Amino acid sequence: MKVLILDGYVDEPTCLGVPPYVSTYVRYVAGALVDYGLKEKSIDYLTIDELREKLGLKPYIGNNYLEDFSKALNKSFVKNYDLLILISGLTVPGRYLGFTPLAYSELFAISHLKGPVKILGGPIRFGFAFKGGEFALNIEDLPFEFISLGDIEKDVLVALNLLKKQEFFKILKNFRTSEEIDKIAYKGSFILKKHFLYPNIICEIETYRGCERKNHCSFCTEKLYGKPQFRSIDGILKELESLKEVGVKYIRIGRQPNILGYLSLEEKNGFKKPNIEALEKIFKKAYDLKFQVRHIDNVNPGTIFHFQEESKKALKIISTYDTPGDVAAFGIESADEKVIKENNLKVYPEEALKAIEIVNEVGAFKEDKYGEYKLLPGLNFLVGLKGETRKTFKKNIKFLEEILKRDLLVRRVNIRQVMIFPGTKLFEENIKPKTKFQNEFKHFKYWVRNVFDKEMLKKVYEKGTIIKNAFVWEVKEGFSYVKPFGTYPITIKVPKVLPLYSYIDIFIVDYKERSVIGVPYPLDINKEDIRVLKYVFGENLAKKLILNRPFKNKEDVFKILGRKIFEEHIKV
Ligand code: SF4
């Protein structure tokens with residue numbers, strides 16, 4: 001049997017699977033197939049971007065895209081597979097540099113493909129949605145042979161057993177246990193070698209799923225997973241070892257709603273006490289295995305507020321064993337008390353500020369003079385929640401102003417429009433996803449990007465900060481857009497054409513509009529383009545430097561510049 005796992009990408013509050021991220025779904029499905037008895041070599045893996053390229057298409061270009069995609073697909077190698085497993089689903093809106101998730105037209109065309117038996121699964125089980133401010137579309141009528149409304153890694157095995165008996169039940173809804181995940185997760189690591197970016201990928205690691213809160217936030221799909229199912233420590237360690245064995249360099253322990261909730265202990269005020277010993281075992285192992293990036297994702301600020309001492313200890317462990325540039329992403333969602341109450345959000349503004357202070361206290365340090373901060377909070381805001389008024393946006397701004405006033409560091413602020421999925425409280429209450437206050441929303445976004453971000457970026461990424469191993473993700477109009485691997489990495493605009501998908505060390509020299517400008521580190525004064533030098537020293541000095549090249553020592557460079565600047569960043 002020849003199987004193709006087609007990755008249409010996933011993005012959920014607790015799992016990212018858009019390149020360079022590889023989601024757990026892909027690895028679990030591959031592991032489940034191997035556990036079922038299939039040979040690794042009979043399982044292929046393609047991303048939707050790779051498929052478009054092989055079909056000679058660019059994403060959604062032209063009015064006839066659906067027709068073009070269908071025609072090309074039906075003539076392609078894809079129809080020769082026995083089984084096609086399509087993994088897809090965006091339940092949070094995002095922007096992805098250089099990669100484009102599966103479009104509805106492509107989903108539609110794939111569902112009609114003749115040849116392989118087709119199974120659809122992943123977070124798309126909650127419906128198809130492409131961006132915020134929308135209701136998800138129902139997928140159950142699409143003509144796939146099987147649609148997984150349960151866990152695709154489990155449903156795929158059920159489907160195989162049904163096929164053996166020549167039976168079809170189109171809708172499958174079987175759920176895996178965390179013990180089953182421990183059994184298949186490590187078996188799926190081989191699939192990563194088939195990723196077109198391998199080894200330049202980052203793997204999302206799951207510790208548990210399902211939210212440990214008793215009453216859930218109104219918008220969140222995590223509660224649909226039921227009570228938390230914790231993976232065993234041994235199961236996670238075994239998976240980490242297998243990832244290391246296949247050559248994975250970067251990991252994010254991000255597939256859980258709250259890393260401080262892993263195997264959490266007794267409850268207080270609806271939040272659970274962090275299990276410091278369990279966290280230490282996981283993070284120490286990742287450190288011992290020498291993954292070059294060891295990052296986290298979601299942290300519940302409510303846990304930090306209600307268990308301050310335990311959270312400090314747990315965060316200390318994380319910031320000891322992780323790598324710089326790590327972000328504890330807080331789902332603050334709103335700073336409006338009314339919205340917080342009506343949507344049962346995690347923290348009130350003062351509580352959120354306390355949690356931000358604690359992460360700063362533990363993680364806002366640098367291991368190297370010009371390095372990145374070790375662990376900073378990130379903030380997520382949601383727009384379109386129940387109870388929102390014009391004042392909500394003012395309160396959000398006031399909250400962020402307070403952060404600036406208290407001189408706290410925040411790595412990034414993410415603003416999203418809510419997406420509404422069946423099963424959530426917002427869906428039941430028939431709340432419209434698009435905010436009524438478009439002008440206020442626009443102003444809030446503008447203020448964050450043009451006032452807050454500008455001030456904060458200068459503090460978090462001071463001029464001279466060196467970003468090692470940044471990767472070139474996009475090159476256009478004479479600029480390269482580079483990002484390091486990691487959680488919420490900063491995008492740096494480099495005024496130079498660099499080879500796509502290459503690594504480069506960069507240092508920050510400026511902030512223009514909404515971009516951070518960086519140049520190659522070390523900066524070779526005798527060889528670098530005038531265009532790059534202009535961004536560092538200004539037009540006049542750059543011209544003078546060019547006219548006086550070659551330099552024998554840095555002192556001569558500083559004579560031209562009239563002062564010592566970036567002394568440790570330049571070379572001659
Ligand atoms: S705390 Fe709220 S947002 Fe976070 S996982 Fe639980 S329900 Fe979802």
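None of these values were measured; they are calculated from a predicted model. Remember, it's 1-based here, ligands and their atoms both numbered in the order they're listed. Position 1 is the first residue of the sequence, and the numbers go up from there.
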[X] neighbourhood, listing ligand 1 atoms whose heavy-atom distance to it stays under 4.0 Å:
X	value
Pro257	5 (S)
Cys220	3 (S), 5 (S), 7 (S), 8 (Fe)
His216	7 (S)

In this structure, does ligand 1 have an atom that sits under 4.0 Å from one of the heavy atoms of Lys223?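 Lys223: no contact with ligand 1 (<4.0 Å).
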Ring centroids only, cut at 6.0 angstrom: are Trp447 and Phe393 within range, meaning strictly under it?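 Trp447 vs Phe393: aromatic centres not under 6.0 Å.
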Heteroatom N/O/S of Cys211 within less than 2.8 Å of atom 6 (Fe) of ligand 1: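 For Cys211, the answer is yes, given that an N, O or S atom comes within less than 2.8 Å of atom 6 (Fe) of ligand 1.
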Count the heavy atoms belonging to other residues, nucleotides or ligands that lie under 6.0 Å from NZ of Lys394, then report whether that count exceeds 12.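 Open.
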Option among Lys214, Lys386, His216, Arg213 that satisfies the side chain to side chain contact (heavy atoms under 4.5 Å, CB included) test with Asn344: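 Only one option passes, and that is Arg213.
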Among Arg252, Glu204, His295, which residue meets the side chain to side chain donor-acceptor pair (under 3.5 Å) test with Thr487?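 That would be Arg252.
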Do the ring planes of Phe444 and Phe381 sit parallel (below 30°), tilted (30 to 60°) or perpendicular (above 60°)?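 Answer is perpendicular, since the angle exceeds 60°.
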Tell me the protein heavy atom at minimum distance from atom 2 (Fe) of ligand 1, and give that distance in Å.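 For atom 2 (Fe) of ligand 1, the nearest protein heavy atom is Cys217 SG, 2.3 Å.
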Among all protein non-hydrogen atoms, which one is nearest to atom 4 (Fe) of ligand 1, and what is the separation to 0.1 Å?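 Atom 4 (Fe) of ligand 1 sits closest to the protein heavy atom Lys346 NZ, 3.8 Å.
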Between Tyr45 and Asp7, do the side chains contain an N or O donor and an N or O acceptor separated by less than 3.5 Å?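 Side chains of Tyr45 and Asp7: pair found under 3.5 Å.
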